[in-house]
Protein chains: 2
Amino acid sequence: MAQVETDDSKMNRTADQDIGEAVDDAVLRRFLGHHLRRASNFVQSDLARSLKDVDLRMITMSVLTVIVEHRGLRQSQLADALQIERPNLVSILDELEDRKLVERTRVPTDRRAYALTPTAAGEALAAKASQAVRAHEDRVFARLSASERSSLQDLLMKVYPGAEG
Amino acid sequence: MAQVETDDSKMNRTADQDIGEAVDDAVLRRFLGHHLRRASNFVQSDLARSLKDVDLRMITMSVLTVIVEHRGLRQSQLADALQIERPNLVSILDELEDRKLVERTRVPTDRRAYALTPTAAGEALAAKASQAVRAHEDRVFARLSASERSSLQDLLMKVYPGAEG
DNA sequence: TATTGTTATACTCTATAACTATA
DNA sequence: TATAGTTATAGAGTATAACAATA
């Protein structure tokens, strides 16, 4: 595959580069992981932009969404579900609480813990965010047919552990 | 799809959560982008681990690989090819130069620029890294057949712009 | 004036140790 | 002792402005 080169051919290419040849990352593109990363970065960038309309970041959207879906859950459960470290959750919840989207209330049966519940505004914003994400997905996966999207999801779920498949 | 709930049903679920119900991110899993991110993160984590064997990070591996493939290129070309900001390249190249893997030499025809060339050690390490990446890909995509990997690549290349398809 | 490489800086994301209050 | 939430902190990764040398 890789062709053996003499020192001469190498030096010629060096000279060519000086003149201003096109440079690409073709070697890296041989790797499937490269395309996976590129696609993921592209989609995430677009999602981040979309969520700005509802003044949420990806992580705050995820946190708010899970709280809406599992009202009353604790911070440790939330951290487990989203695979984020407990300390990093604190400022996220502070922000959502300051914005009156989420409430922390003491659990009577375990006074160490907080139960997390969305406010009405929080539920409304989660719904708006969900809509924004759906619009974003339609846009960003527009070049894939419904069956291609389904195949892509199946293939991706075969790659990482934890996704049943 | 989403079922309308009464306040009562919500409060019941709140109580259930207190007892310690399973919490998941099922809502988020409805989104294709979620699986794309999860798969990408999983693969990148494994790649980062694999590259530790050759004492490279993902970015230093990419930089070294492109320099080997395009010997004599300039920093600005490299930054363009890898889509990283020029300032962030400096410390990466400092590291590779300190480790005698890459050399910066003045371009005679444009004394502002540096031509980047790999040393023999740099080429050797790039080859080892490439092998490590191939082993990593075989491991991490083990559950996909050759044709599934090919489909996955085709689908991913349809998602992000710049990948011809 | 514009460009190459550089410095300084800042912001996000992520990870860990150690504290407090409860259990 | 162990756990829930918190604080402080540190390390990546990434982005921008501004500078010196050169074109």
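Per chain, numbering begins at 1; letters A, B, ... match sequence-line order. Nothing here was measured: the structure is a model prediction, and the numbers come from that model. Quick note: numbers below take in every heavy atom, side chains included, and nothing from hydrogens, waters or symmetry partners.
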Separation of atom OH in A:Tyr114 from atom P in C:dA23, rounded to whole Å: 12 Å

Looking at A:Arg111, is its backbone amide N or carbonyl O close enough to the side chain of A:Arg106 to form a donor-acceptor pair, meaning the two atoms are under 3.5 Å apart? yes

Can a side chain N or O of A:Gln75 be found less than 4.0 Å away from OP1 or OP2 on D:dT6? yes

Report, as a single string ordered 5' to 3', how protein heavy atoms within less than 4.0 Å touch nucleotides 15-23 of chain D: B base, S sugar-phosphate only, - not at all. BBB---BBS

Measure from CG on A:Asp80 to P on D:dT3 and round the result to the nearest Å. 12 Å

Rounding to a whole Å, what distance do you find between A:Leu73:CG and D:dA4:C1'? 13 Å

Between C1' on C:dA15 and CG on A:Leu89, what's the gap in Å once rounded to a whole number? 14 Å

Any B:Ser76 side-chain N or O less than 4.0 Å from OP1/OP2 of C:dT3: no

A:Gln44 and A:Ser40 side chains, donor-acceptor separation under 3.5 Å: yes

Rounded to whole Å, how long is the line connecting atom CZ of A:Arg104 with atom P of D:dA4? 16 Å

How close or far is atom P of D:dG13 from atom CE of B:Met61, stated in whole angstroms? 12 Å

Answer yes if the side chains of A:Ser45 and A:Arg49 hold a donor-acceptor pair under 3.5 Å, and no otherwise. no

For residues A:Arg74 and A:Tyr114, is any side-chain donor paired with an opposing acceptor at under 3.5 Å? no

Charged N to carboxylate O below 4.0 Å: is that the case for B:Glu123 and B:Arg71? yes

What would the secondary structure line of DNA chain C be in dot-bracket form, counting Watson-Crick and G-U wobble pairs under 3.5 Å, with [ ] for pairs that cross earlier ones and | for pairs with another strand? |||||||||||||||||||||||

Quickly work out the B:Leu47 CG to D:dG13 P distance and round it to whole Å. 12 Å

For the pair A:Lys158 and A:Asp154, evaluate salt bridge (Lys or Arg N to Asp or Glu O under 4.0 Å) and give the outcome as yes or no after the intermediate values. CA-CA 6 Å; A:Lys158 273 192 159 183; A:Asp154 290 346; over 6 Å; no

Does B:Ser150 use its side chain to pair, donor to acceptor, with the backbone of B:Ala146 at less than 3.5 Å? no

Distance-only, no hydrogens or angles: does the A:Thr65 side chain make a donor-acceptor pair with backbone N or O of A:Met61 under 3.5 Å? yes

Rounded to whole Å, the CG-P distance (B:Leu93 to C:dT6) equals 8 Å

Check this for me, if you would: do A:Arg29 and A:Asp25 make a salt bridge, where the nitrogen-to-carboxylate-oxygen distance has to be below 4.0 angstrom? yes

